[in-house]
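Mind having a look at this structure? Questions to follow.
Model, not experiment: these values are computed from the prediction. Residue numbering restarts at 1 for every chain, and letters A, B, ... go by the order of the sequence lines.
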Protein chains: 2
Amino acid sequence: MAQQKIPEVVVDRLPTYVRALTLLREEGISVVSSQELGVRLRVTPAQIRKDLSYFGRFGKQGRGYNIDNLIRELRSILGLTKEWPMALVGAGQLGQAILRYTGFVPEGFRVVAAFDTDKRQIGRKIGPVVVQDVAELPQTVVERNVDIGIVAVPSATAQGVIDTLVRSGIRAILNYAPMSPHIPENVLVREVDPVVALQSMTFYLKLDEKQREKAAQ
Amino acid sequence: MAQQKIPEVVVDRLPTYVRALTLLREEGISVVSSQELGVRLRVTPAQIRKDLSYFGRFGKQGRGYNIDNLIRELRSILGLTKEWPMALVGAGQLGQAILRYTGFVPEGFRVVAAFDTDKRQIGRKIGPVVVQDVAELPQTVVERNVDIGIVAVPSATAQGVIDTLVRSGIRAILNYAPMSPHIPENVLVREVDPVVALQSMTFYLKLDEKQREKAAQ
DNA sequence: TCCTGTGAAATACTTCACAGCT
DNA sequence: AGCTGTGAAGTATTTCACAGGA
């Protein structure tokens with residue numbers, strides 16, 4: 001069986017399936033149909049079935065999916081059975097909030113090192129780590145087998161930080177800086193940008209206001 | 001001219017165009033071609049031209065786009081010419097970081113009120129606001145004309161908070177809680193979820209590792 | 001009967017390629 | 001000569017609809 005190419009959109013949806021399934025499990029539910037899961041996630045049942053079908057046959061006809069089993073399968077597909085060490089760059093306001101964020105560890109993501117250029121931050125213990133000088137980054141990344149970098153520095157310095165991370169051999173970047181970085185093909189990036197999220201909503205808010213005005217005439 | 005329906009993906013890209021154009025302007029550049037902008041953003045020039053063509057004709061043949069003008073047009077299209085007041089719910093670790101985040105205000109987003117149920121938080125001044133009791137939320141939302149709510153409470157209580165926001169007349173929600181909320185059709189949501197972003201990257205990291213193993217055999 | 005898994009159809013999105021303006 | 005704006009072509013993604021297993 002030649003592994004067909006999986007669409008990126010499909011991969012992007014899998015984590016939300018895992019999350020919803022985990023919440024269902026906490027409610028004591030053990031089996032779910034694509035219909036029921038679709039209602040929760042506001043997606044069509046056909047989409048869920050189609051997405052899962054890229055990876056295997058996990059359901060039982062007439063019943064649905066065993067939640068424990070499906071969670072296990074999806075976590076394995078997504079590479080979530082191991083722990084992923086991460087390195088954070090930028091120990092300012094935002095970086096500190098990230099270091100104190102408790103949502104990463106239960107999912108297997110652990111910030112194992114933090115870096116800054118600011119002498120006042122270096123040596124400080126924040127959350128689980130002591131802030132190091134950025135100069136030590138390349139060595140630490142190699143020593144601690146870090147594949148994922150988190151960028152939490154101002155836009156102006158972000159590209160430099162990203163270049164350093166890439167040169168150090170990092171393979172994935174979670175970027176909190178509001179800019180679009182230059183990155184080699186083989187390195188992954190995801191942007192975390194609440195402002196961009198807000199700005200696409202205001203388009204529809206404004207549209208809605210216009211329509212109300214028109215309707216009110 | 002009947003306004004044709006604009007694809008959502010197009011709207012979602014506009015804020016990144018604004019961002020890139022703004023950075024170009026700061027570099028002192030005043031005109032840009034779709035080609036040049038595409039290189040910055042890692043998208044095709046055709047996509048940029050096509051996206052813009054849904055809204056009008058902003059370029060000059062043979063030259064490109066006047067940056068000042070295009071920024072102004074896009075900001076107007078996105079509804080960014082007014083200030084958007086926002087209400088935050090959840091003044092814990094995460095909520096405090098959001099209140100202290102300086103990236104919203106320059107873009108016209110301002111948190112004008114914050115709410116919590118925790119007696120120890122209520123009355124505290126954090127960043128630009130004093131934390132209020134959630135009981136006061138509906139009234140404040142109406143009085144202060146708040147259209148956008150930010151949810152920064154634990155998953156377990158998020159749905160209740162969202163219901164309250166919706167009942168109070170909010171029209172858009174920026175959700176930091178790692179769950180998928182039930183929301184009426186006419187209310188917008190955007191999820192801010194770094195863990196989901198990480199989990200779709202690990203799929204490819206794992207794939208890459210597998211391929212290396214195979215190659216090494 | 002209920003619900004999965006999946007080709008096929010429908011829809012959505014992206015890219016091409018070129019007429020036409022500057 | 002260079003670059004936009006845009007139908008048309010090409011891909012990608014979603015949804016349909018139904019055979020078949022529990």
Assess whether atom CZ of B:Arg144 is packed by more than 12 heavy atoms of other residues, nucleotides or ligands within 6.0 Å.
no

Regarding the side chain of B:Gln61, the nearest nucleotide among C:dT14, C:dC18, C:dC21 is C:dC21

What integer distance in Å separates A:Asp51:CG from C:dT6:P?
13 Å

5'-most by nearest nucleotide on DNA chain D - B:Gly64 or A:Val10
B:Gly64

For B:Arg63, answer base if it contacts any base atom (sugar-phosphate contacts may also be present), sugar-phosphate if it contacts only those atoms, and nothing otherwise; contact means non-hydrogen atoms under 4.0 Å.
sugar-phosphate

Is the distance from OP1 or OP2 of C:dT15 to the nearest side-chain N or O of B:Thr44 less than 4.0 Å?
yes

Just so I know, are the side chains of A:Arg110 and A:Met86 near enough to count as touching, which here means a heavy-atom distance under 4.5 Å?
no

Does OP1 or OP2 of C:dG5 have a side-chain N or O of A:Tyr65 closer than 4.0 Å?
yes

B:Lys214 atom NZ, neighbour heavy-atom count above 12 within 6.0 Å
no

Integer-rounded Å distance: C:dT4 P and A:Tyr54 OH
17 Å

Across the strands shown, which category fits B:Arg57 at heavy-atom distances under 4.0 angstrom: base, sugar-phosphate, nothing?
sugar-phosphate

Round to the nearest Å and state the distance from A:Arg42 atom CZ to D:dT15 atom P.
14 Å

Counting heavy atoms from C-beta on, name the nucleotide in C:dT14, D:dG5, D:dT14 closest to the side chain of B:Gln47.
C:dT14

Please report, rounded to the nearest Å, how far the C1' atom of C:dC13 is from the CG atom of B:Leu14.
15 Å

Atom CD1 of B:Ile48 and atom P of C:dT15 are separated, to the nearest Å, by 11 Å

Kindly point out which of C:dT15, C:dT6, D:dT14 is positioned nearest to the side chain of B:Ala46?
C:dT15

Just the rounded figure in Å: distance from P of C:dT4 to CD1 of A:Ile67.
12 Å

From the candidates D:dT4, D:dG7, D:dT14, the one with an atom nearest any side-chain atom of B:Lys50 is D:dG7

Which whole-number value in Å describes the distance from A:Phe58 CZ to C:dT4 P?
14 Å

Can you tell which of C:dT4, D:dT6, C:dT15 lies closest to the side chain of A:Arg49?
C:dT4

Counting heavy atoms not belonging to B:Arg100, are there more than 12 under 6.0 Å from its CZ?
yes

Is it true that, when you exclude B:Lys206 itself, more than 12 heavy atoms of the residues, nucleotides or ligands shown sit nearer than 6.0 Å to its NZ?
yes

Rounded to whole Å, how long is the line connecting atom NZ of A:Lys60 with atom P of D:dG20?
21 Å

